[in-house]
Undergrad: 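Quick one: structure below, then a few questions.
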There are 2 protein chains.
Amino acid sequence: MQSENNTNVFIFKVLSNEVRLAIIEALLKKPMNVNEICEEINEEQPRVSHELRCLAVCGFVYSEREGKRIIYEPNKDTITPIIEAANKHARIFGSKMRGCEMLSDIRKMTSR
Amino acid sequence: MQSENNTNVFIFKVLSNEVRLAIIEALLKKPMNVNEICEEINEEQPRVSHELRCLAVCGFVYSEREGKRIIYEPNKDTITPIIEAANKHARIFGSKMRGCEMLSDIRKMTSR
DNA sequence: ACATCATATCAATATTTTATCATATGTCAA
DNA sequence: TTGACATATGATAAAATATTGATATGATGT
């Protein structure tokens, strides 16, 4: 339970990045190779490779070589429920957080 | 959908911190005031107050004054599904991530 | 083996987040 | 209104993460 907790912190860390989350969402539409992902989310290739590595180590995506290309697929089983649960919270509290792009933005919100 | 996505990044950021997640887990057991939380998770009061503010702004906890004390409660409705979904991933891939405390640890894992 | 395309790695820097401490604010009770 | 307790705030140093571009590796088909 305690170790599960620490693992959860790490899981959320991995998901708390715009590029990584964009990659996941893109792959949920359809499996792709690095360059297709780059086009889809408009990011540089080294950057996307970097993040794919992270996502792969953490079990969020897996890969399979097809000739020259390496096709990445998301691990729908565990990703989908996490994202949907977050969506639910976002739907209700998204407006409350509007304008927060960084954690430090919260300091600027004086009212509670 | 796009704004939901950005909000999700933020949601995961908030949850990707040991202290904040510990606060949430503690409050899921029972509502508490700041000092009780401090004891439970063994952290300093200013630190916990800081994080409670963050959690409150983001809709993860809400508070109610009871005399001198302010009692904090978690927003079980949306938190529980998120944590459970993460637990599921942790159960399967936790071992793969074992030893990762920081994202930079991933760089040390050379094998894929 | 060579040329080419696809992907990964490295390292330096910029940005963001965490951690800490001193201090302020607020509430109650005498 | 004073004292005691409870909680919040602000500034800042330290640490972690994101970003970037140059370069390296790897696989394929010829």
Side-chain angles (χ1 to χ4, degrees), chain A residues 6 9-23 27 31-58 61-72 100-112, chain B residues 6 9-23 27 31-58 61-72 100-112:
Chain A
N6 290 334
V9 169
F10 196 77
I11 287 173
F12 292 133
K13 245 178 218 174
V14 172
L15 296 176
S16 69
N17 173 282
E18 229 171 307
V19 175
R20 287 193 292 266
L21 206 53
I23 291 173
L27 292 178
M32 288 183 267
N33 76 331
V34 179
N35 286 309
E36 288 169 322
I37 298 171
C38 290
E39 273 199 30
E40 179 77 15
I41 71 172
N42 199 37
E43 288 287 340
E44 297 300 315
Q45 177 272 318
R47 178 70 200 280
V48 173
S49 271
H50 221 41
E51 306 302 2
L52 278 172
R53 167 102 186 282
C54 174
L55 293 170
V57 167
C58 299
V61 307
Y62 52 96
S63 60
E64 204 173 349
R65 184 173 279 274
E66 267 188 21
K68 260 185 201 177
R69 299 144 38 95
I70 296 175
I71 306 296
Y72 289 89
C100 287
E101 303 202 336
M102 298 183 298
L103 283 176
S104 56
D105 288 343
I106 286 178
R107 261 179 247 147
K108 298 170 196 158
M109 308 173 70
T110 41
S111 63
R112 265 236 319 276
Chain B
N6 290 334
V9 169
F10 197 76
I11 286 173
F12 293 133
K13 245 179 216 174
V14 172
L15 297 176
S16 69
N17 173 281
E18 230 171 308
V19 174
R20 287 192 292 269
L21 208 53
I23 291 172
L27 293 177
M32 289 183 264
N33 75 333
V34 179
N35 285 309
E36 288 168 322
I37 298 171
C38 289
E39 273 198 31
E40 179 76 16
I41 71 172
N42 200 37
E43 288 286 340
E44 297 300 315
Q45 177 271 317
R47 178 70 201 280
V48 174
S49 271
H50 268 311
E51 306 302 2
L52 278 172
R53 168 102 186 282
C54 174
L55 292 170
V57 167
C58 299
V61 307
Y62 51 96
S63 59
E64 206 174 348
R65 184 174 280 274
E66 268 187 21
K68 259 187 204 177
R69 299 145 38 94
I70 297 175
I71 306 298
Y72 286 90
C100 288
E101 303 203 335
M102 298 183 300
L103 283 175
S104 57
D105 288 344
I106 285 177
R107 262 179 245 144
K108 298 171 197 156
M109 308 173 69
T110 41
S111 63
R112 263 236 320 277

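Just so it is clear, the model here is predicted, and its values are computed rather than measured. So that the names make sense, note that chain A is the first sequence line, chain B the second, and so on, each numbered from 1.
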Undergrad: Between B/Glu36 and B/Asn33 (side chain of the first, backbone of the second, donor and acceptor by atom type, cut-off under 3.5 Å), is there such a pair?
TA: yes
Undergrad: Without decimals, in angstroms, what is the distance between A/Leu52 CG and D/dG26 C1'?
TA: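 For the pair A/Leu52 CG and D/dG26 C1', the rounded distance is 17 Å.
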Undergrad: Grab the CD-P distance between A/Glu64 and C/dA6 for me, whole Å please.
TA: 19 Å
Undergrad: Determine whether any donor atom in the side chain of A/Gln45 lies under 3.5 Å from an acceptor atom in the base of C/dA8, or the reverse, and answer yes or no.
TA: yes
Undergrad: Taking for each residue the nucleotide of DNA chain D bearing the nearest heavy atom, is the 5' side occupied by A/Glu51 or by B/Glu36?
TA: B/Glu36
Undergrad: Which nucleotide in the set D/dG21, C/dT17, C/dT7 lies at the smallest distance from any side-chain heavy atom of A/Ile70?
TA: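 Nucleotide nearest to A/Ile70's side chain: C/dT7.
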Undergrad: Heavy atoms under 4.0 Å, any strand shown: does A/Arg47 hit a base, just sugar-phosphate, or nothing?
TA: base
Undergrad: Let me know the distance between NE2 of B/His50 and C1' of C/dA19, rounded to the nearest Å.
TA: 9 Å
Undergrad: For B/Leu103 and for B/Arg65, locate the closest nucleotide of DNA chain D by heavy-atom distance; then report the residue assigned to the nucleotide nearer the 5' terminus.
TA: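 This one resolves to B/Arg65.
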Undergrad: Quick check: does any side chain N or O of B/Arg20 sit under 3.5 Å from a backbone N or O of B/Lys13, one acting as donor and the other as acceptor?
TA: yes
Undergrad: Under 4.0 Å between any heavy atoms, over every strand shown, what does A/Ser49 touch: base, sugar-phosphate, or nothing? Just pick one.
TA: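 Counting heavy atoms under 4.0 Å across all strands, the contact made by A/Ser49 includes a base.
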Undergrad: Would you mind reading off the distance between B/Ile106 atom CD1 and D/dT17 atom P, rounded to a whole angstrom?
TA: 9 Å
Undergrad: Would you indicate which nucleotide in C/dA6, D/dA18, C/dA8 comes nearest to any side-chain atom of A/Asn33?
TA: C/dA6
Undergrad: As a test of reading the structure: which of C/dT7, D/dA6, D/dT17 is closest to the side chain of B/Ser104, going by heavy atoms?
TA: D/dT17
Undergrad: Base, sugar-phosphate, or nothing: which does B/Glu44 touch, judged by heavy atoms less than 4.0 Å apart?
TA: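 Since no nucleic acid heavy atom lies under 4.0 Å of B/Glu44, the category is nothing.
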Undergrad: When you measure from the side chain of B/Lys68, which nucleotide among D/dA16, D/dC5, C/dT17 comes out closest?
TA: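 The listed nucleotide nearest to B/Lys68's side chain is D/dC5.
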